[in-house]
Every structure is written in structure tokens, then in C-alpha cells.
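In what follows, a structure is listed as C-alpha cells, so that the remarks can point back to it.
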There are 2 protein chains.
Amino acid sequence: MVLKSQVEWALHCCAILAGLPVGKYLPTKDLAELHGLPKEYLSKALQSLSQAGIVTSTLGPSGGYRLAKAPTDTSFLDVVEAIEGKQSTFVCTEIRKNNPCRKAGTRDGKSCAVARVMWKADQAWRASLRETTLADLVETLEDEVPAAVWKETFAWVTARI
Amino acid sequence: MVLKSQVEWALHCCAILAGLPVGKYLPTKDLAELHGLPKEYLSKALQSLSQAGIVTSTLGPSGGYRLAKAPTDTSFLDVVEAIEGKQSTFVCTEIRKNNPCRKAGTRDGKSCAVARVMWKADQAWRASLRETTLADLVETLEDEVPAAVWKETFAWVTARI
DNA sequence: GAGAGACTACTCGGATACAGTCTGTCCGAGTAAATCCGG
DNA sequence: CCGGATTTACTCGGACAGACTGTATCCGAGTAGTCTCTC
């Protein structure tokens, strides 16, 4: 069970979009070039973000994507769920119902005990992802990315919008 | 990102094996019949458990599987990792290195900030899975499964070993 | 020079192929029990 | 009747196909900016 690469791409793209001047848009082409990714496929990840209401898109020249909300209002979980979907990582197929020793019509009080443990872990994972926002990510990056690279990157971006 | 169904199967099988008389083995055939699963494919899950040292197998008549350790010594995480592997749910491909604004030879002090957040969530998930053991599972099942079904099931199992 | 209209070029979005993993199946190697035979 | 060798039947384990999701790509619909022409 491994997250699709689009999750990584989407998060890095969001970090860039978070640093964009307000009202400006950055097209997929530039985001792809900046991260060394296939432009056409990256656009699918951005489409998912758009449908989830995380980013907003505009067409035509100087079009592209920008964040739809303040960076403080979008968590890692929002991005992950936009790409992977909101369903739990564990799906219970209720195999206990196949037990030949069950008489027809047996009622189960609670949901499957196995599933409950798995779902609780899933919740813990999501809770952890919910703790960090895009604003936190940008703050961390400002501290850690070498100043030269950071500055140069946004000069590169600014030159294209 | 969804766990494979083998995880669910393996956990339910472990619950049955935990209730087995000491020294006795239960074959794949019976485990499959008890859960309504394809025997041949279920055996692959059990093979993974065997390789991980969670269960022990024996060949020949009255052969099969039994737990290799006490139920208190095997956690949900052990089972999940036996099936899904131990690698993190998030793999960082270091796309930050593709940034055209990076001068050759730029050193990164820390690992990618995006990856760190994702890995932390992965750890939270694993920690939650580590909290519950097979013994806890059996205890819960004893409380919740209708007594008739529970008793009948182990009578069914006992009749075959 | 200014404004309106048409044009152009650039963007996203969905529809379309390819690949890898998950799911499912098969058969052979090996072993423990049961059988058979001799003492 | 008892012990041992042989047979047998049952088990796991790895090798072999099919289905589905993830990956990658293409082309069309739509729009914002630009250019041109007229007043």
C-alpha cells in the first residue's frame, strides 16, 4: 500500500502556489518544468485539486492555477484526500458473514472488531495529516531551503506570470 | 491507496489460529472454507505470515498453520507489515532536486519537508496498529460475537484437527 | 489617439492507450500419518 | 501382538495467467490578451 506519486507532486505544487502574488496564476507547464515532471500527467493531479476546491483555475494566456483559500486553511489531509479519495485505507468485506457456523439471520451488534482497529489507525493517520497546513509547510521551507535557491525559484516564477 | 484484501484475511485467520489448542495445526483449506475465501490465494497470505515469523507451518496430514508466538506478542502492525511490506506509505522521489534554479552541488541539510510530514503521519498510523495485539482482538471477539456462533465455530474447527 | 471588434495563442479538461500490481489459479516437492508385512 | 519399512494422501511453496488501478499521453473546448481597423 503506497500513496500515488501525484500526492507528492500536488504538495510540492501547492507550496509553490502558496508563494504566488495574490490574484496571479501559474500554469501547469511551469509547475511541471519546475519539478521535472510530465506536464500532461501533472495536470491530472491539479485537476483533482481543482475539483476538491483547493485550487482555482483560469484559462487563456496568463492563466493557470492559484490557491483557492488561504494557505492556513488547507491541510495536508485536504490535499491527500483530493488525490487519493476520502475512503478509508481499510475496506471491510464482512467475511465474518461467510462463517458456515452462523445461523441465517444472526445479528451483529457492532461492526467487525478487526475493521474497528484498522479504522482507528486510519483515523490516527488522518489526524496527523490534518495537523499541518500549507502555511506550516511554507514556513518550514523558508527556514530550510538554501536562501539562494529559494529566492532564485521565486524570481523564476515571477518572471513567468 | 487501499490495503489489499489479504490484510483482512490474515487478521481473521490469526484470530482463529489464536484459539487453536496448543501444538495443533489448521490447514489453509479449513481457514478458507471458514471465511468463504479462495483457498489457493489465501495460502499466499499465510505464506507471507509464515515468512514474517508470525505463524509456523507443517506439512502432511494434520498439517497446516499455527501461531508461532503467543497472541500477546503479535500486533496488528506485525500482520499488516507481513502482508504489505515494511516500507513507508509515502515514497519521496526528491523532486526538489529537479528544480532548475538549484546550482549543481547544492546540499540539503534535512530531508524534504513534505516527506517528513507524510512520514510522521505514517508513523502515527503504525503506532496505532502497534497498540493492539491478537490477544486483544480475541478478547474483543469473545465479548461481541454471539456465544452460539463463537462456540459452534470452535467446535467446527476442533472437529477437523 | 482612442475604442471596438476580430483574431490569435495559450490555458484547462476530459477522452484515450500503456504498464505494473493485485487477484486468482495451477502443479510439484516434501512430510507425517496410515497401512502392510514379517517376526 | 508388536515393530519397522513402505505406501499413501495430504500439506505447503513457488511458478503461471487474468483483471484492475495507476501512469502517461493526446486532442478539443473555451478564454484572455493582442492586434488591427475605423472614427
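Chain letters run A, B, ... following the sequence lines, proteins first and then strands; every chain starts at 1.
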(Q) Counting neighbours of NZ on B:K69 that are heavy atoms of other residues, nucleotides or ligands and sit closer than 6.0 Å, is the number greater than 12? (A) yes
Distance-only criterion, 3.5 Å: show the donor-acceptor pairs between side-chain atoms of residues 121-128 of chain A and protein atoms not counting sequence neighbours.
unit_1 : atom_1 : unit_2 : atom_2 : d
A:D122 : OD1    : A:T89  : N      : 3.1
A:D122 : OD1    : A:T89  : OG1    : 2.7
A:D122 : OD1    : A:R126 : NH1    : 2.8
A:D122 : OD2    : A:R126 : NH1    : 2.6
A:R126 : NE     : A:E81  : OE2    : 3.0
A:R126 : NH2    : A:K86  : O      : 3.3
A:R126 : NH2    : A:Q87  : O      : 3.2

Q: Answer yes or no: is there a side-chain heavy-atom contact under 4.5 Å between A:V55 and A:L46?
A: no
**Q.** B:L59 CG to C:dG30 P, straight-line distance once rounded to whole Å
**A.** 10 Å
Q. Which two nucleotides bound the region of DNA chain D that has atoms under 4.0 Å from heavy atoms of chain B, read 5' to 3'?
A. D:dC10 to D:dG14
Q) Do any N or O atoms from the side chain of A:D30 and from the backbone of A:P27 form a donor-acceptor pair under 3.5 angstrom? A) no
Q. When clusters are formed from ILVMFWY side-chain contacts under 4.5 Å, directly or step by step, what else is grouped with B:V91?
A. A:V2
Q | Residues in contact with DNA chain D, drawn from residues 79-90 of chain A - heavy-atom cutoff 4.0 Å | A | none
Q.
Tell me whether B:E84 contacts the main-chain N or O of A:M1 through its side chain, where contact means a donor paired with an acceptor under 3.5 Å.
A. yes
Q | Side-chain touch B:R96/A:V149, heavy atoms, less than 4.5 angstrom | A | no
(Q) Under the rule for salt bridge (charged side-chain N to carboxylate O under 4.0 Å, His left out), what residues qualify as partners of A:K110, not counting sequence neighbours? (A) B:E144
Q.
Before you tell me yes or no, could you show the steps for B:F76 and B:L137 under side-chain contact (heavy atoms from CB on, under 4.5 Å), namely the whole-Å CA-CA distance, both residues' side-chain angles and the distance that decides it to 0.1 Å?
A. CA-CA 9 Å; B:F76 271 58; B:L137 173 62; 4.0 Å; yes
Q) Within this structure, what is the CE-to-P distance between B:M1 and C:dC22, rounded to whole angstrom? A) 13 Å
**Q.** Strand-adjacent residues in residues 7-44 of chain B, judged by heavy atoms under 4.0 Å from DNA chain D
**A.** B:P27, B:T28
Q.
A quick test of your reading: do over 12 heavy atoms of other residues, nucleotides or ligands sit less than 6.0 Å from NZ of A:K97?
A. yes
Q: Would you kindly give the CG-to-P distance between B:L3 and C:dC22, to the nearest whole Å?
A: 11 Å
